[in-house]
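Following: one structure in structure tokens, then a few remarks.
Quick note on labels: first sequence line is chain A, next is B, and so on, each numbered from 1.
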Amino acid sequence: MFIGALGCEPLQLARVNLENSTSLDVYRRNGGYEALRKALGMSPDDVIAEVKKSALRGRGGAGFPTGMKWGFVPKDSPKPKYVVCNADESEPGSFKDRYLMERDPHMLIEGMLIAAHALGSKTCYIYTRGEYRYLIEIMDRALVEARNANLVGEKILGTDFACEVHTHTGAGAYICGEETALLNSLEGLRGHPRMKPPFPAVAGLYSCPTVVNNVETLTAVPDIIKMGGEAYQKLGTEKSGGTKLWSVSGHVNRPGVYELPMGYDDMEKFIMEDCQGITKNRKLKAVIPGGSSVYIMPASDILGKDVKMDYEGLVAAGSMVGSGGFIVMDETVDIFESTKNLTEFYKHESCGWCTPCREGTDWLVKVFKRIAKGEGQPEDAQLLLDLCDNIEGKSFCPLGDAAAWPIQSAIKKFPEDFKRHLAPMVEAREAIAAD
Amino acid sequence: MSSESIKVTINGSDYQVEKGARLIDVCRSNGHAVPSFCYYSDLALQASCRTCLVRIEKMPKLQTSCTITCTDGMIVTTESDEIEKARRGMVEFLLANHPLDCPVCDRGGECELQEMVFDWGGLEERFRERKNYAPEKYLSPVVANDPQRCILCKRCTRVCDEWMGEDAIEAGGRGVNTVIGTYGGWLNCSQCGNCIEVCPTGTLLDGTYRHQARPWELEQTITTCTFCSDGCQMSLGSRGGEVMRAVARDRYVNGINGEFLCIKGRFAHPFVNHEERLRTPMIRYRKGGKLIPATWDQALEFAANKLRETADAHGAEAIGVVGSPRITNEANYALLKFANEVVGTSNYTATDRFSLAPFFESLGAGLATHRDIRFAKTIVLVGGEPEELQPLTGKQIRQAVRNGGAKLIVINSRAIRLQQQAAQFIHIRPGAEDAAVLALADERFDELAAKKLGVDASELSTARGTVLDTEGNCIIMFGGELSPAAQSLLAQIPHAASTDKRRFLFHPLPLYNNSVGAHDIGLMGGAHTASSLLGAAGAEIRALYVAGSFLPDHLRGQEEALSKLDLLIVQELFETETTRYADVVLPAASFAETDGTFTNNDGLVQRVRASIPPAHQSKPDWMITAALAQTLGMDFNFQMSASTVFRELAERTTAYNGMRYPLLKDETKPVQAKHAIAPRRDLADEIEALRLSIESLDETAEKIMGTPPVGHELFKPGELTGKVPQFHLLAAGNPKPPDVLISPLYQITIDAGLRRTDEAVAVAGD
């Protein structure tokens, strides 16, 4: 297990390997809360301008420019404004937020406070997935420390800035990582996504202007303020500024959380050298680079293809950055089985709000299970694709798309894995036809 | 409320539509059919069924037309291969786990999913997997639930919350395992059954009608509900002379209430075919004797002779004629005509709890319709409890506040449930409603009123300020707590406070389905009230001719009054306290068996239509009165036709001038009576009288704390609802039996209360 930066100075991971890294003491000794002090000396508009200049994009998966999102919050609204941290890290393959909170909770608090200052908010919430209960304890301890040090509460750092930060735990639903479902859950309602528009920036938590940001997005903010937006952007590419955490799991010799500059060159080098290659000297079969919801990439799209690891590079290569859940699969993996596994996940996590996702994922799983039992009909591959087509782009929220994409790409890129499972019935039919 | 016009292009045709219009409505009103399940007018948007997908230029994906607000220059396609595939895909998904048990489903034949599949379903079913299973259950004595059929449109959860404010039904579970259910135990609500009504499939079903009939066997008759003054339009489904159910589904009826009905309207109809209905006329030949069945001729002859004897011995004024706020305008008109022209007595009245005569005499503005309430800017509710006594009004107020942003001011001695929606709740001492009216009308009395009401004077000025800040309609509602002087004072407020921008409308809250009609006909204008008539019984009043019965309120303290009469003629559906002393009892037809009209609290004159022939030997009330007149030698010339009665009634009643049955035919276009607006007048006398009575109010009386529970008025077994088993069950606290598979309604009898039959226990134990 490796936690560290490659190809750049560690920003997000600067302190994670220090002893007692969760303590305020260690954080402050390593430059902690200096960015907050600097930000409090800037006007909120200047803070937002720096974030815009940094080309920071939302690290939760959608990659929406953070500065732009902050800019949507109406300044003249008489309602209270909220900053909500989305720590419902539930994308299969992603575990970066967990390490950030587990090892450097103050960086998140500082990021939230800067965001609150920029947006005129007096209340922040950290919404953590139910399974991360122990992280809540870490965060709560850090919040107590911060409050005692006059970093949270009234008159922060001696200024007029006042802000409270609260932790809140979900109850174990993937959908609550979708920002509007998260807000519903935070309000105590069923975890269903809301209709957009209105977007949370206009009417979010309790119908008030709200910014919902991923943990990694918020933890990038202190460094942006410290080094300036432009310098941060220059670490990465023009449209994707700064560094990105990749949660590497699967068949590599050195899994872990890697901090890479945006546009890291290239994916083959990353897998084969930085992650020390595939386990047991097997061959690479496939990579899911951005968490389970993105298109699967076959080895042939990676090896020798110079895939740059940033938003544009991965789209060009036929996939997406997503949340950076980098799942590596070797030649022993049956893509049919892995896709079936993912589909079962999406069926289990579909919230049931809209027809295509609720009924579609259930149907998909039933077909997968039937094929796995050897009862697959030759036309089932086509059926799966057609069902995916009826879900994709028609569901209420992106969970439907997320369920469809892995199947579509798996059938397209690994048809032989599916053919193999459909073979018994094909052979049976041929036998009958021959009689 | 902008009236700016914008251009929208749908399938190549340009339309000018109002800015802010919803795309699905625009498509449909212009003939471009768009299917939907979850979209329901005036409920929160759901956008979950995904069947209303359309293509809008410059938008990346297909869009749900129910969530799209039209913008200028929008170019929309509602029909294309891509859209057809999407819609067929959605219907295929909806049908995947839906059991194809239409032949045994109560909704079969009137199911929206069936219709959708006819339009958008595939020829072949591609879903060959095992369907998910969930057991059938009962959510309450009247709501049966088959979760497998659910398509999760959540209309039920939304009407429960948004219409009823009860929030008793909600989805549980996740994903494909989501089921509609309660928060544990029975549905804890008023049992209105609106969740059943709006359900597009057979998921929520009427537990009292379950497996009783198929929709196509029923004859549907559009009529007016007989249980409160709201006058909801509903469709009675009858088969072979029996009323099977009452519904408001928009495929059958589209009245002022939409698909809304309350528990009484929907479930209290079994009194119509009740076995205790009076079967024949009956005569009590000697006082203290038994009622003996007789023929109509015998009974009418007997009654006529006795009436003649009374008139000869004591004069015409010794005879009283009593109508009812529950019978049709035609019936009350016939009674009034009988009193005026046959008997010649001024002693006539109707058995209402209170009279609206002072209100109508001083009426300073028109009556609000329920639609006006929905779009009102300010609503002032003095006394009353509409969510229990006029549930449609309650629903309209709730939606006006929640969806229309109306400001509601509740002035009540109890924290009625509607105060949750109120911008201001003035919690007053019981019986002090008059003081609130006086203060609203005249700020000089703020201090006095505040002292007596037990509130701060600023609360009253705040309320008045809200009213005077209103731009748009301000609707004033009041219950039966107001004294006649307070009614007059309230009715005159518009003269002082109306402006070009502010219009006042009134919405009285009488208790009965035809309280307003009984007033309009003039029946409330006699020399007596129902109580005083009883008080004079045996003295100057020697004979009474009563249609319907006296209320317990009237008889309280003078229970023996009726026994002092020389003659009591009663026309009724059932034996009651009033028939106990009757000399002649005439069986009357119920609202389901008669043609006529009711006038609701909007002043809308709405048709009542015969759904089944009169039970046994009963006859419509007006026909009985006309027959009695005939026996006494006067031909009313009604020609056996309710429309003739109504024509004459309309000619002689100013507010109804010009009305005819053909004009009242369409329940979607109700006709409002033209109540005369009284000119502004000096109210010094009323104000002085009110001041004096308010001065005498107790300043130490305790306020009533706590919110009355849901259904405390609705479930009361009384009058006609007493004949319906479930009202006894609900009044007894709606106990939940463990896991019953059949409705607990089959396990009780009215007399013995809750009783389990052996079979029921056996089924439950399986």
As an exercise: rank B:A47, B:C153, B:C38, B:A96 by heavy-atom pairs under 4.5 Å with chain A and give me the winner.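 Result: the option with the highest number of such pairs is B:A47.
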Would you mind checking which part of B:R130 comes under 4.5 Å of any heavy atom in chain A, side chain (CB onward), backbone (N, CA, C, O), both or neither?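 Backbone only.
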Side chain, backbone, both or neither: which part of B:L94 has an atom under 4.5 Å from a heavy atom of chain A? both
Starting at [atom1] of [X], measure out to [atom2] of [Y] and round the result to the nearest 0.5 Å.
X	Y	atom1	atom2	value
A:S395	B:K61	OG	NZ	6.0 Å
A:R370	B:R128	CZ	CZ	7.5 Å
A:D362	B:F93	CG	CZ	10.5 Å
A:H348	B:N177	NE2	CG	8.5 Å
B:R174	A:S350	CZ	OG	9.0 Å

Using a 3.5 Å distance criterion without hydrogens, assess whether the side chain of [X] forms a donor-acceptor pair with backbone atoms of [Y].
X	Y	value
A:R358	B:T178	no
A:W353	B:Q46	yes
A:T355	B:C49	yes
B:R50	A:K394	yes

Close approach to chain A in residues 62-81 of chain B, criterion heavy atom under 4.5 Å: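 Interface residues of residues 62-81 of chain B: B:L62, B:T67.
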Less than 4.5 Å to any heavy atom of chain B: does that hold for the side chain of [X], its backbone, both, or neither?
X	result
A:E349	both
A:I175	neither
A:H192	side chain
A:D401	side chain

For the interface with chain B, which of [options] has the highest count of heavy-atom pairs at distances below 4.5 Å?
options	answer
A:P197, A:G352, A:G191	A:G352
A:D386, A:L387, A:L383	A:D386
A:E379, A:E359, A:K347	A:E359

Heavy-atom neighbours of A:K340 NZ exceed 12 at 6.0 Å: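 Count over threshold, so yes.
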Can you confirm whether A:K196 is buried at NZ, in the sense that more than 12 heavy atoms of other residues, nucleotides or ligands lie under 6.0 Å from that atom? yes
List the atom of [X], the atom of [Y], and the distance in Å for their closest heavy-atom pair.
X	Y	value
B:K85	A:D389	NZ-OD2, 2.8 Å
A:N390	B:E92	ND2-OE1, 4.1 Å
B:G173	A:R190	O-NH2, 2.9 Å

Please determine, by modelled atom types, if A:K366 and B:N132 share a side-chain donor-acceptor pair under 3.5 angstrom.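 Yes, B:N132 and A:K366 have a side-chain donor paired with an acceptor closer than 3.5 Å.
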